[in-house]
Amino acid sequence: MAVYFDHRIEAPETNGAPCQIAWHSTQPVLAVASVSPTTGGCVDLYLQQGEQVVSCHVERSLQPTVLRWHPSKTVLAVGWETGEVLLLTHPSGEQSSLPSTHTASITLLDWSSTGSRLITGDQMGVLALWKLDARGRLQGACLVKHEYGKPLTNSVFRPLPPGEDVAQLARAAVSGDESALDMFNWRKAGKGSALKIGSLEGLTFFVSTADGYVHCVDEKGRTSPILSVDSPVQRLLYLEKRDVLAVITETLMLSQYSLGPEGGAQELIKVKLSGKSGQNADITWADHGLLITATGEQVIRLWDLEKDDNYVLSLDENLGFEKGETLNCVSYCAAKDILAAGTSRGRIAMWRNVPSSNHGAESKGQWKLQTPSEFEGNITQLQWGSSLNLLAANGVSTVLILCEHVMSAHFSQQVAAVQLTPNQLSLSYFSSGSQLSLRSDMHIKGVCVTKDTVAVWNGKQVTVYESSGTALRNTGSFPCESQALAMHEENIYTVEPNRVQVRTLQGTVKQLLVFSEVEGNPVLLSVCGTFLAVGTDTAHFKLFDLSRREAKPHCSAKNVSEIIPNVGALQSVKCNANGSQVSILITQLNGRPDHKVYFYDVEMDTVSHFDFFTGRPPSGVSQTDDPERNQSQSAELRGRCPISQFWDESEPRLFVCETVQTADPRRSSLPDILHEVEVLVVSFFCTQEHGLLLHDSYPKPAAIQALLALDVPFYYFSCKPEQGESGGEEPPGPTPVPAPGPQLSGPSMVSRKALRDFVGLEECDKPTREAMLNFSFYLTIGDMDEAFKSIKLIKSEAVWENMARMCVKNRRLDVARVCLGNMGHARGARALREAEAEPELEARVAVLATQLGMLEDAERLYKSCQRYDLLNKFYQAAGQWQRAVETAETNDRVHLRTTYYSYAKHLEAMGDRNMALVYYEKSDTYRFEVPRMLLEDVLSLEIYVNKMKDKSLYKWWAQYLESQSDMESALRYYEYAQDFLSLVRVHCYLGNIQKAAEIANETGNRAASYHLARQYESQEEIKQSVHFYTRAQAYNNAIRLCKENGMDDQLMNLALLSNPEDMMEAACYYEEKGVHMDRAVMLYHKAGHFSKALELAFATQQFGALQLIAEDLDENSDPALLARCSDFFIKHSQYEKAVELLVAAKKYHEALQLCLDQSLTITEELAESMTVTRGSKDLSEDARKDLLERIADCCMRQGNYHLATKKYTQAGNKLKAMRALLKSGDTEKIVFFAGVSRQKEIYIMAANYLQSLDWRKDPEIMKNIIGFYTKGRALDLLAGFYEACAQVEIDDYQNYEKALGALTEAYKCLAKAKGRTTEEQESRLAELQHKVTLVKRFVQARRLYEEDPGEAVRLCDTLLEETDLDPAVRIGDAYGFLVEHHCQQGSFQVAYHKLEEMLKRLPSINVSYYVSQRSLEALQLAVGVPLARGAQLGLSDRRDSGGGG
């Protein structure tokens, strides 16, 4: 909670009424312009508390018109009616006037963003642009001067998009970044482009004139009009995010323009703003896109320009505003997100922007109006300013400066002081129960209390009060400029640079506690017990022992920066009651508060911490052994930040801190109950042996302001009087000050809440308090022996109940059982034992909490473990039915209908029948529950039945009417319910049997038909009875009647429709009568009694029936029956049917023989039926294989080679299978079968078969032949195949090179082969070697021809002398080679001679096959002798198969 200190400016008496105010943007300096009818005008500067800066007083004969502060320097530009522009420097008071440029009243002053440029403009339309240095001093004459001829009204600079960050690049360059250095050195080739430095500020600006024109002045000083509006411009705004210029006119017309790169403006939108016409509006701009206007109405208007939305904020008379009060001026503080408005009745209204859970657009509901502050007269101007966020209000006669101050509060030794107003305190003495109100004659900036003393100070003076009974006595004041103050017994501790002063209550300094320059200046003081903790501005802290006459150092000064990383400054330093632990809150280097609270152990010189961001202590700090509990605690504490801390004044182990929520995305996965706690009070046990242990966490109620202290057994909080709603700040403004001094019975501003361990034990004595603390401590660390030892002497049932409550927080169910036993709480002990079946610890603890009446804890535990089923039961048991229904609908839909039903029963018990009806319907139990509930109110029940139109309800109501003998109404409702049985039953009862028959026939309802058949049977109307029994499918009853009454024709049809038992019964009936034997056979057959049917069919020679029966016989039938039928079919030449029956009878050999004898084709289906599965009990494995081979042999004789192959394979005879497959000629299957069989003989058989094909044209076949011979190890056959390949190459293609390769492979294979005899092997090898030699010599001759033709010819001649040259080398090829050679050499006679030799050795050959056509023609011309006829005939033959040349 905060208050506002108000300070009137200390203006000289000669000054007139203030007309303008202006805050510096960062410094707490306020400029005020005043106007006096006698002396003219003046400008003065004032400090934070209204002190006038005497050196900065400026007077002129005419009044000042415009005030503008430099954006960073304390230089004020003042415009006067005379046209003078004055620069006033604070605090020196240096004054400098700009050169005379203007002759009319100044209307425009504006600084650029860095203050290097200043725009001035006057009433005559003269505009000037000035340049200033870094100190804010003028440099030379004006840079630009323009005359527009109309009064200048507004201006705005256009910010430019930033270029490279020069400062950052410079730092990178200094640290050795070569790329940064290269960007500065743009002359260096090949190292990137030149450094593009953006302008440090935008030097383009826009200026508006009274005639509605807006002109643009660019960086070079050129001006051009870019747009015009209908009336004078009141305000220019530049929306940097959207790069849009907004223009607001005096008629409140808002226009938005997009600006082109060359200065053109295009209108985007134009709207008329609401407001009072002709009123000078006060317009301000908020950071989040809001335009705020006050036009002298009773509302202020807000427009969201980015989202195109608008709304108004109005005053509230309930908060102290008057009816008809208007709002004149507005000002917005971005840092505090507060909107302030001044009213015509001298009040300042403030709206605080309260963040909501909805992250959408700004809305009216987010602005909360605060209580107004009172002022004097009409407020004409408001302005927030400086880095301290001070508010200045300009009234009719004076200016008020409002400074926010967080309300001071302190607690010690059962005395609490809380600030109410700037000069009023509320004192609470808990030891005596009295309340006092203390008013001081100064603004209180701090307060400190002890048992008998109260000290207040305002930063300059300290006043001390002593209590005497029910009054406070002022014992004196003394001047002291101290930031902090603490008290212990009769001593006051204040701070000054590098030391702490120990003073008496009268202010006399009696001791100095000195700090070195390195240790810094003391800024934080805290007393706990007899120890003083001091924190400095250099992040050092030091402890002093105050128990003796003089303060003695308890530990040396410690540098927090050395033991804690990332320390910016100390936020809070506190020590415990025995000085063994120091707790520290810090601010990080980036200015943000740290999420951790640190603990320094004085004796061990060690630091530990608890991190509220993760919700866990570090790994080195003790935690409980329960992982579920640790996880739950971490989830509850995660995403928080500590804001205050306290140690218990008497218990050194107990520590508490106040935490607030921070933005943490990990909290989104937590249950909703954990999101609701904004502020959490967390307590710990902190000891040297066990480290840091979480003791309790307590959500701060809404009515509470802040945590004040921890003093067992209570937490102490500051709050609003009478525990009102948690409000915002006290209203700013002056407070009427009555006579200073204490007053009795002031408002209570402090509330206390018992610690969890002491609920119900608030008034316990000291031994009990210590025992409870020890029990809680040992329970937390898990030392059960010590925990029970600490409470063994306690007999109070209330204490045991309190310890049981403690077990809920610590989740120690084992201890809770002992506590319940000592309490005699049998019901709770039983519930706890039954809850052991629940898997979640939280669920079991919730049961304990419920038994102890801790319903809120139970609810939270159920939610945290997400046991919504148990939460649903909990709500039901607690009578919170709406929450139970909501839980079931959202999270426990499995029990939704059950919840509806239970709620309906509850509502019925409460007498709310209408709502009970609704929930019975939702639970889908209304069909029986609603009639039961409304049975006593028959009229309501009938209305409900007719309304629901439910068949079940119609039937129930019809039965009720029938019980009441209202048969006509009952029939009508039975008809509504479509209950045809009941309709027929009632009609039969009424004697309307014909109507009942019509209903049964029309609907076909079986139950109705059966009932009607019974009626007809009782009346001996047999045909009608049989008919309706048949419709009811009660065939046995119909058959019974037919047999009894000789209705044989109908009997057959009914028996066929009925079950097998009825069929057998009817068949026996026919057989006994000896008539209709065909019917008997058919019925036996249909009933599945084949033997009886066949026996009767054979006996009565019914061959047609035999045919039908045989079709239904299968392998499951009686073998003897099957054999008998097959003999019957053989006799009647129906062999195929006989074979099927023999196979079904498993007489496979007879079936096979019958196929052979009668030449029946064995189909694949028949063969499969005769194939016995492996492992069958019917045949042995050998007999099975023999049967399969016989089937295969039969298939071979019939030419079904594929089926034969299959059966041979199943019999395991792969050779026969391969032979069968070879006969089929299916090459693909042969190759596949050979590949999967992996037998030598099969490989050879497959290869031999493939050789019979045209393997010359199919390389795949050749590849398979070679592969199969190789796999079959038939190397001699493979050698023969290679020889055949070689011969093909010679005969068909004359390719002796390939032939040589094939012969070489043949030789290699033959060499590896095992021949029949050694002589034969050697003979074949020698023959093949000789053949290889001849081919090799011919190939060598052909290859040598290119290099040495003569040697090649000689080799060829030598080759022709070999007697066994052919077939290794064809003689024609050798002679053809020689003839071609001699023809090419021109030796045609020799060529002709060789040709004659060839014809002599091979007289019948075709010469053109060996000699080219061209050579033959050349030879004939050269010799002049016609060639032989055989040669001539072959000249035109094709030679593609072996042509030479």
Side-chain angles (χ1 to χ4, degrees), residues 405 407-419 423 425 427 429 436 438-468 471-515 521-537 541-554 572-575 577 579 646-647 649 708-709 740-742:
H405 167 68
M407 280 194 176
S408 299
H410 187 244
F411 177 93
S412 180
Q413 300 175 5
Q414 292 294 298
V415 180
V418 178
Q419 187 174 10
N423 61 352
L425 290 176
L427 298 173
Y429 289 85
L436 291 178
L438 173 64
R439 291 186 181 272
S440 174
D441 55 358
M442 64 181 178
H443 285 159
I444 301 172
K445 286 193 174 180
V447 61
C448 187
V449 297
T450 63
K451 183 177 180 182
D452 301 315
T453 311
V454 179
V456 296
W457 74 96
N458 63 355
K460 294 182 179 181
Q461 182 177 339
V462 178
T463 303
V464 181
Y465 299 87
E466 288 186 356
S467 64
S468 58
L472 290 175
R473 180 171 55 87
N474 189 336
T475 60
S477 300
F478 57 89
C480 178
E481 295 185 3
S482 175
Q483 298 183 38
L485 186 144
M487 286 198 304
H488 175 69
E489 295 182 350
E490 300 297 322
N491 295 326
I492 296 178
Y493 302 87
T494 60
V495 299
E496 62 179 21
N498 294 114
R499 58 187 177 180
V500 174
Q501 301 166 323
V502 183
R503 299 173 181 262
T504 64
L505 294 181
Q506 290 72 34
T508 304
V509 178
K510 64 179 185 178
Q511 186 183 357
L512 293 177
L513 308 178
V514 181
F515 288 74
N521 301 317
V523 291
L524 299 173
L525 296 178
S526 174
V527 173
C528 184
T530 59
F531 291 91
L532 170 67
V534 183
T536 71
D537 56 1
F541 71 87
K542 199 171 184 178
L543 284 188
F544 295 91
D545 186 355
L546 310 180
S547 60
R548 285 173 273 185
R549 181 173 173 274
E550 290 189 348
K552 299 293 183 182
H554 183 61
S572 174
V573 176
K574 299 287 180 73
C575 67
F646 302 93
W647 291 90
E649 289 189 340
L708 269 184

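Quantities reported herein were computed from a predicted structural model and do not represent experimental measurements. Residue numbers start at 1 and run along the sequence shown. Values below: every heavy atom of this structure, side chains too, minus hydrogens, waters and symmetry copies.
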Counterpart residues, ring pair (Phe, Tyr, Trp, His ring centres under 6.0 Å), relative to [X] (two or more places apart):
| X | result |
| --- | --- |
| His554 | Phe531 |
| Phe541 | Tyr600 |
| Phe411 | Tyr716 |

With sequence neighbours left out, what residues match [X] under side chain to side chain donor-acceptor pair (under 3.5 Å)?
| X | result |
| --- | --- |
| Ser526 | none |
| Thr463 | Ser477 |
| Ser412 | Glu649 |
| Thr475 | none |

Qualifying salt bridge (charged side-chain N to carboxylate O under 4.0 Å, His left out) pairs, either residue in residues 475-493, two or more places apart:
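Found none.
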Distance-only donor-acceptor hits, side chain of residues 452-460, under 3.5 Å, sequence neighbours excluded:
unit_1 : atom_1 : unit_2 : atom_2 : d
Asn458 : OD1    : Lys460 : N      : 3.0
Asn458 : OD1    : Gln461 : N      : 2.8

Which residues share a salt bridge (Lys or Arg N to Asp or Glu O under 4.0 Å) with Glu466, sequence neighbours left out:
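With sequence neighbours excluded, Glu466 shows a salt bridge (Lys or Arg N to Asp or Glu O under 4.0 Å) to Arg473, given in chain and number order.
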I'd like to check the side chain to side chain contact (heavy atoms under 4.5 Å, CB included) partners of Val523; sequence neighbours left out, ordered by chain and number.
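Val523: side chain to side chain contact (heavy atoms under 4.5 Å, CB included) contacts with Gln483, Asp537.
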Would you give me the side-chain donor-acceptor pairs under 3.5 Å for residues 494-506, sequence neighbours excluded?
unit_1 : atom_1 : unit_2 : atom_2 : d
Thr494 : OG1    : Gln501 : OE1    : 2.8
Thr494 : OG1    : Arg503 : NE     : 3.0
Glu496 : OE1    : Gln501 : NE2    : 2.5
Glu496 : OE2    : Arg499 : NE     : 2.0
Glu496 : OE2    : Arg499 : NH2    : 2.5
Glu496 : OE2    : Gln501 : NE2    : 3.2
Asn498 : ND2    : Ser516 : O      : 3.4
Asn498 : ND2    : Gly520 : O      : 3.4
Asn498 : ND2    : Asn521 : OD1    : 3.4
Gln501 : OE1    : Arg503 : NE     : 3.3
Gln501 : OE1    : Arg503 : NH2    : 2.6
Arg503 : NH1    : Gly507 : O      : 2.8
Thr504 : OG1    : Gln506 : N      : 3.3
Thr504 : OG1    : Thr508 : N      : 3.1

